[in-house]
Amino acid sequence: MSHRVNDDSSSTWETTPPSGDGPEPTSRFSTSSTPASSYGSSYEDEDPAPRFSKKKAKKKQPFWKELLVIFSVALLLTVVIQTFVARVFVIPSASMETTLHGCTGCVNDKVLVEKITYLFADPRPGDVVVFRGPPNWTGGKEPPDFFVGTLQDLGSMVNLSEPSGTDFIKRVIAVGGQTVECCDDQGRVLVDGKPLDEPYLNFGGGPRQQDSFEKVTVPAGKLWVMGDNRNNSADSRKHGDPTPADGAIPVENVVGKARVIVIPVGRWGSISDYNPQTGGK
């Protein structure tokens with residue numbers, strides 16, 4: 001009788017039983033394992049493990065260089081945003097009181113003026129707009145170049161410099177083709193013969209009485225603008241040179257629409273664009 005047992009190495013163990021008084025049983029162990037010498041190469045001949053080179057760690061940039069990059073990016077974004085999207089302006093005078101505050105030696109309002117609206121539509125009555133003053137408004141003073149003007153505006157936001165002096169902010173009263181005159185028996189400005197509804201006007205607590213001016217037809221492509229502090233505002237009425245109609249400002253000079261008071265914090269809020277010709281509608 002014989003037994004065969006297979007293990008994982010395919011080894012075979014055979015036993016031959018004794019027959020009679022013959023010699024002791026013999027055993028033979030055979031394995032299917034292949035000797036190491038039968039392989040093409042020994043373990044010692046194998047290629048060594050690949051060596052991985054370590055990259056040298058990048059040297060950290062000095063703090064002043066990082067700061068310079070941050071400042072440059074911030075300045076670039078500021079210029080792009082102020083040129084194409086919105087810009088902050090400082091109110092330099094009291095001509096728009098009490099809608100907007102401006103005075104000597106106080107914390108003047110800073111307002112956000114957006115530029116997108118007038119890419120698709122012209123200013124309308126009631127809009128509070130910032131515009132570049134034409135020569136008869138600035139006394140011939142030329143506006144600063146873009147770079148100097150931007151630095152001036154940034155400085156004026158933190159009270160380090162004065163505004164350029166060639167930008168103005170007023171409310172649109174009438175547009176090209178309309179007639180403007182002052183006043184009816186209740187002291188109201190008339191546009192196309194109809195009295196305006198102007199709840200934003202400031203008369204300093206005195207009687208509702210405005211400085212009169214002759215009837216004017218606003219030229220096409222221009223705007224008649226006036227201050228809310230009606231008797232303390234050098235506006236279209238005051239800059240009619242050589243004719244009263246020359247006090248109107250070109251639509252193309254409009255920089256944008258004043259939307260929000262951003263500084264001081266206690267004055268945060270939107271700026272009314274109440275239409276005086278239609279009662280706000």
Side-chain angles (χ1 to χ4, degrees), residues 91-100 102 113 117-118 121-141 165-258 271-281:
I91 305 304
S93 72
S95 69
M96 286 295 291
E97 292 280 2
T98 59
T99 303
L100 301 173
V113 176
T117 296
Y118 297 145
D122 287 336
R124 69 182 194 112
D127 288 356
V128 177
V129 298
V130 169
F131 57 93
R132 298 182 302 274
N136 58 322
W137 280 68
T138 63
K141 181 182 178 181
T166 57
D167 295 322
F168 298 84
I169 185 165
K170 305 290 180 189
R171 191 181 296 272
V172 177
I173 299 301
V175 299
Q178 293 186 312
T179 60
V180 188
E181 59 185 308
C182 184
C183 288
D184 67 3
D185 55 3
Q186 296 182 42
R188 296 176 297 184
V189 170
L190 306 173
V191 173
D192 292 337
K194 298 178 181 179
L196 297 181
D197 176 23
E198 300 187 275
Y200 45 73
L201 287 184
N202 173 29
F203 291 100
R208 189 185 181 91
Q209 185 175 350
Q210 303 186 48
D211 298 337
S212 62
F213 58 94
E214 63 182 273
K215 187 175 182 178
V216 177
T217 298
V218 182
K222 293 195 174 185
L223 304 169
W224 189 264
V225 294
M226 301 173 76
D228 290 358
N229 192 359
R230 192 55 50 87
N231 292 332
N232 188 22
S233 173
D235 47 43
S236 289
R237 300 167 298 172
K238 308 293 184 180
H239 295 289
D241 184 26
T243 68
D246 291 312
I249 59 108
V251 172
E252 63 188 23
N253 280 33
V254 174
V255 174
K257 182 176 182 178
I271 299 169
S272 171
D273 58 0
Y274 185 95
N275 190 329
Q277 295 185 19
T278 60
K281 299 176 184 177

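Keep in mind the model is a prediction, meaning the values are calculated, not measured.
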Student check: side-chain heavy atoms of [X] and [Y] closer than 4.5 Å:
X    : Y    : value
S272 : Y200 : no
M96  : V128 : yes
S95  : D235 : no
L201 : Q210 : yes
D122 : V175 : no

Under the 3.5 angstrom rule, does the side chain of [X] hit a backbone N or O of [Y] as a donor-acceptor pair?
X    : Y    : value
N253 : R132 : yes
S236 : V225 : yes
N136 : D246 : yes
R237 : G247 : no
N231 : D211 : yes

Partner residues of P123 under the side-chain contact (heavy atoms from CB on, under 4.5 Å) criterion, sequence neighbours left out: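 Scan of P123 (side-chain contact (heavy atoms from CB on, under 4.5 Å), adjacent residues dropped) gives Y118, D127, V129, V172, L223, V251, V254.
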Nearest-0.5 Å distance that lies between atom CZ in F203 and atom CG in N229: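 One finds 9.5 Å between CZ of F203 and CG of N229.
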Roughly how far, to the nearest 0.5 Å, is the CZ atom of R230 from the CD atom of Q209?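 Reported to 0.5 Å precision, the distance equals 13.5 Å.
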Donor-acceptor list for residues 183-194 side chains, cut-off 3.5 Å, not counting sequence neighbours:
| residue | atom | partner | partner atom | Å |
| --- | --- | --- | --- | --- |
| D184 | OD1 | Q186 | N | 3.0 |
| D184 | OD1 | G187 | N | 3.1 |
| D184 | OD1 | R188 | N | 2.8 |
| D184 | OD2 | R188 | NE | 2.8 |
| D184 | OD2 | R188 | NH2 | 2.9 |
| D192 | OD1 | T179 | N | 3.0 |
| D192 | OD1 | T179 | OG1 | 3.3 |

Could you tell me which non-hydrogen atom of N232 sits nearest to which non-hydrogen atom of A94, and how far apart they are?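 Looking at all heavy atoms of both residues, the shortest contact is ND2-CB, 4.1 Å.
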N202, T99, T98 screened by side chain to side chain donor-acceptor pair (under 3.5 Å) with D228, the one that passes: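 Running side chain to side chain donor-acceptor pair (under 3.5 Å) over N202, T99, T98 with D228 returns exactly one hit, T99.
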Mind checking whether F168 and F131 have parallel, tilted or perpendicular rings, split at 30° and 60°?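 It falls in the parallel class, under 30°.
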Just say parallel, tilted or perpendicular for the rings of H239 and W137, cut-offs at 30° and 60°.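 Parallel.
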Identify whether the distance between the nearest side-chain nitrogen and carboxylate oxygen of E198 and R171 falls below 4.0 Å.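 Not counted as a salt bridge, because no side-chain N and carboxylate O are separated by less than 4.0 Å.
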Please output the side-chain donor-acceptor pairs of residues 212-220 that fall under 3.5 Å, not counting sequence neighbours, one pair per line with the distance.
none

